[in-house]
Protein chains: 2
Amino acid sequence: MKIDGVPSRTVVSRPSEGCVEVIDQTVLPHELRWARVASVAEAAHAIRSMQVRGAPLIGATAAYGLAIGCGHDASDAALDRAVADLAATRPTAANLRWALRRMRDRLDPLPVPDRAAAAWAEAEAIAEDDVSANRAIGRYGLDLLQRLRPGDRPLEVMTHCNAGWLATVDRGTALSPVYAAWDEGLPVHVWVSETRPRNQGLLTAWELAHHGVPHTAVADSTAGVLIRQRRVDAVLVGADRIAANGDVANKVGTYLKALACFDNGVPFYVAAPLSTVDTGCPSGAEIPIEERDGEELRVVQGVDATGAPSSVRQLPQGEPVSNPAFDVTPSRLITAIITERGIWTPA
Amino acid sequence: MKIDGVPSRTVVSRPSEGCVEVIDQTVLPHELRWARVASVAEAAHAIRSMQVRGAPLIGATAAYGLAIGCGHDASDAALDRAVADLAATRPTAANLRWALRRMRDRLDPLPVPDRAAAAWAEAEAIAEDDVSANRAIGRYGLDLLQRLRPGDRPLEVMTHCNAGWLATVDRGTALSPVYAAWDEGLPVHVWVSETRPRNQGLLTAWELAHHGVPHTAVADSTAGVLIRQRRVDAVLVGADRIAANGDVANKVGTYLKALACFDNGVPFYVAAPLSTVDTGCPSGAEIPIEERDGEELRVVQGVDATGAPSSVRQLPQGEPVSNPAFDVTPSRLITAIITERGIWTPA
């Protein structure tokens, strides 16, 4: 997608320098800053600290991290350590483990001296495949949106968190059909949920604004009233892990939106590449839910009156807090899952 | 209830000075400040700016505001103006119009010179009745909680917004049964929803902390995962207006919690005095939903590193925002409504 008119990806490969540069999403939308990732440890830090986030982008960054590590030491022992370090960063996203497995499958049979180049090529392929998959998701999703198209007003789509191009290498998952619709001239308006406590909705608002797509920011709790008042034609979200039975783990709050859709007969779509499907996970009950630091809820990031990055404390440090980052939406509430291979209706 | 060990109400009557003092809830929990209300305009400002909030407290403050006005001018014309000004402050809370009507019913038959004293007495009676009603709600609600009592661990109650003593003259609505349980030695733990965008959950955390009741603050979006994981035995909320058919308007996000309860067989209780019931309103569809200033979402209040009140901007001033303050929960999702006259099961 474009930043200030210039095409960009969220992760820019610098093979000659043995590093990648990533957009540091911890300071967006208040500041656009790039972070250099030049070691396995830096890749693990970028994922854990959420400089990069979104299941597909986490997968691609982990792949690049492993490739960067191979440039220093491609022995079996070093690979084992790097994979373990990267896999331990976030427990829920399936794409992380999928990308690392794909890298291992490619590298393990090779002699150690051949691994560095192969690893870089495989990481590039994972990134390219992500972009292609997301474009295909956009086309399949656009078909669904076209069918919902109201005659007399823009199509009203609600999303949650950020499943736009910032959550992927490019193009996005849930927002890919929205961008496809916008590019085809289908009038669309997006309800953007703030997505407390990390406020990834602000990333969604930022990228929609950069692309010119009309949107309105709302508190997460408004999903119910907006859906009940028929101000939403479809909810479209991404996924962090999809179980074999079609249960979907995604950013906490997704399940509530699915319930509101179900209660009001509004379609609820999940958009995700097949790399998000964990066939080894029979149902949502087996998906681990990450519990994150309570300070994310206690302290809110933003800018001060001069526009400089700033924060305020809402709750004292000792205040007891629980901060589960994901929830599971049972497949019975999901109208369809949009993948790069077509539409899956598990229910 | 008590502040730092000293019993207090949210509104303290000063009849000899012709004013009341109210806790200014716009700066809580970061600062405890009292605001003096000495005119109809100041009462209207206190309600509109949410220095006082919560349907029962809004009603009592409006009654005192009218009594204060009568001390200056108790003519029919002045009463008409005062009632109109006070009624226009917030559109959703039923108790506001109920309290003003009760005041008019008492004052209209009286000669003008007798009205000032009668108005003050009636406002005091409205405040006293609120405290009595909330105590009765506590007793009826405690019966329900006793039946849910697990053998081996504290009872897990989730609430939304603030329906504690800060939302009333004293004792609270949804939290009244919780305080009754705690006072009777029934172990209880409260899940406190942040309640974006005004974060009234922080008021709930503040008053529970002052009363010693164990609690945990969570983002609003976590209601689904916590209820689905059976970490909640009951959800207990207040109400801003209850339609004749039992549909309940309450702080935005309530409907989503009710859906999550219904989907998981967890009881969902509404606690409110009968003054919240609008028998003239056949169903929730007729309840007006207040749309508030988008700056509430764009700017977050808190304290800086020194503990001084501060704020950060999350979204630029021009960023499109929608900010509906309430939603409607249909009666079919409500296990019971706890009133001062007993338990009502509209469904």
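Letters A, B, ... mirror the listed sequences (proteins, then strands); counts begin at 1.
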Undergrad: Just give me the residue among A:Ala209, A:Ala205, A:Gly302 that pairs up with chain B most often, heavy atom to heavy atom, under 4.5 Å.
TA: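 Counting heavy-atom pairs under 4.5 Å, the top option is A:Gly302.
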
Undergrad: Checking B:Arg228 against chain A: side chain, backbone, both or neither under 4.5 Å from a heavy atom?
TA: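 Side chain only.
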
Undergrad: Relative to chain A, which of B:Lys251, B:Glu194, B:Gln229 shows the most heavy atom pairs under 4.5 Å?
TA: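 The candidate making the most pairs under 4.5 Å is B:Glu194.
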
Undergrad: Taking only residues two or more places apart in sequence or in another chain, which ones pass side chain to side chain donor-acceptor pair (under 3.5 Å) with B:Ser193?
TA: B:Lys257

Undergrad: Highest number of heavy-atom pairs under 4.5 Å with chain A: which of B:Thr254, B:Val328, B:Thr195, B:Val299?
TA: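 Maximum pair count with chain A is reached by B:Val328.
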
Undergrad: In terms of heavy-atom proximity below 4.5 Å to chain A, should B:Asp220 be classed as side chain, backbone, both, or neither?
TA: both

Undergrad: With only heavy atoms counted, which part of A:Arg313 is less than 4.5 Å from chain B, the side chain, the backbone, both or neither?
TA: both

Undergrad: Who among A:Ala305, A:Pro197, A:Pro324, A:Ala325 has the most heavy-atom pairs with chain B under 4.5 Å?
TA: A:Pro324

Undergrad: Please determine, among A:Gly253, A:Gly307, A:Ala217, the option with the most heavy-atom pairs under 4.5 Å with chain B.
TA: A:Ala217

Undergrad: To the nearest 0.5 Å, how far apart are CG in A:Leu202 and CG in B:Leu315?
TA: 5.0 Å

Undergrad: If I take atom CD from residue B:Gln301 and atom CD from residue A:Gln314, how far apart are they, to the nearest 0.5 angstrom?
TA: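 Between B:Gln301 CD and A:Gln314 CD, I get 10.0 Å after rounding to 0.5 Å.
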
Undergrad: Within this structure, what is the CG-OG1 distance for the pair B:Leu297 and A:Thr216, rounded to the nearest 0.5 Å?
TA: 11.0 Å

Undergrad: Looking at CG of A:Asn264 and OH of B:Tyr255, how far apart are the two atoms once the value is rounded to the nearest 0.5 Å?
TA: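 The OH atom of B:Tyr255 is 4.0 Å from CG of A:Asn264, to the nearest 0.5 Å.
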
Undergrad: Tell me which of these, A:Arg298, A:His30, A:Arg196, has more heavy-atom pairs under 4.5 Å with chain B than the rest.
TA: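 The answer is A:Arg196.
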
Undergrad: Pick one of side chain, backbone, both or neither for B:His215, based on which atoms fall under 4.5 Å of a heavy atom in chain A.
TA: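 Both backbone and side chain.
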
Undergrad: Please flag which part of A:Arg231 lies under 4.5 Å from any non-hydrogen atom of chain B: side chain, backbone, both or neither.
TA: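 For A:Arg231, the contact with chain B is made by the side chain alone.
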
Undergrad: Measuring heavy-atom distances to chain B, does A:Phe326 have an atom under 4.5 Å in its side chain, in its backbone, in both, or in neither?
TA: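 Just the backbone, heavy atoms under 4.5 Å.
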
Undergrad: Mind checking whether A:Asp263 and B:Arg332 have side chains closer than 4.5 Å, heavy atoms only?
TA: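 Yes - at least one pair of side-chain heavy atoms lies under 4.5 Å apart.
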
Undergrad: Mind ranking B:Val192, B:Leu226, B:Asn199 by heavy-atom pairs under 4.5 Å with chain A and telling me who comes out on top?
TA: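 The option with the most such pairs is B:Asn199.
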
Undergrad: To the nearest 0.5 Å, how far apart are CG in A:Asp327 and OG in B:Ser221?
TA: 8.0 Å

Undergrad: Please look at A:Ser310 and chain B and tell me whether the side chain, the backbone, both or neither of the residue comes under 4.5 angstrom of a heavy atom of that chain.
TA: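 For A:Ser310, the contact with chain B is made by backbone and side chain together.
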
Undergrad: Is B:Trp191 in contact with chain A via its backbone, its side chain, both, or neither, using a 4.5 Å heavy-atom distance?
TA: side chain

Undergrad: Which one wins on heavy-atom pair count under 4.5 Å against chain B: A:Val225, A:Val218, A:Thr222, A:Val303?
TA: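 Looking at each option in turn, the highest pair count goes to A:Val303.
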
Undergrad: Would you mind checking which part of A:Ile289 comes under 4.5 Å of any heavy atom in chain B, side chain (CB onward), backbone (N, CA, C, O), both or neither?
TA: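 The side chain, not the backbone.
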
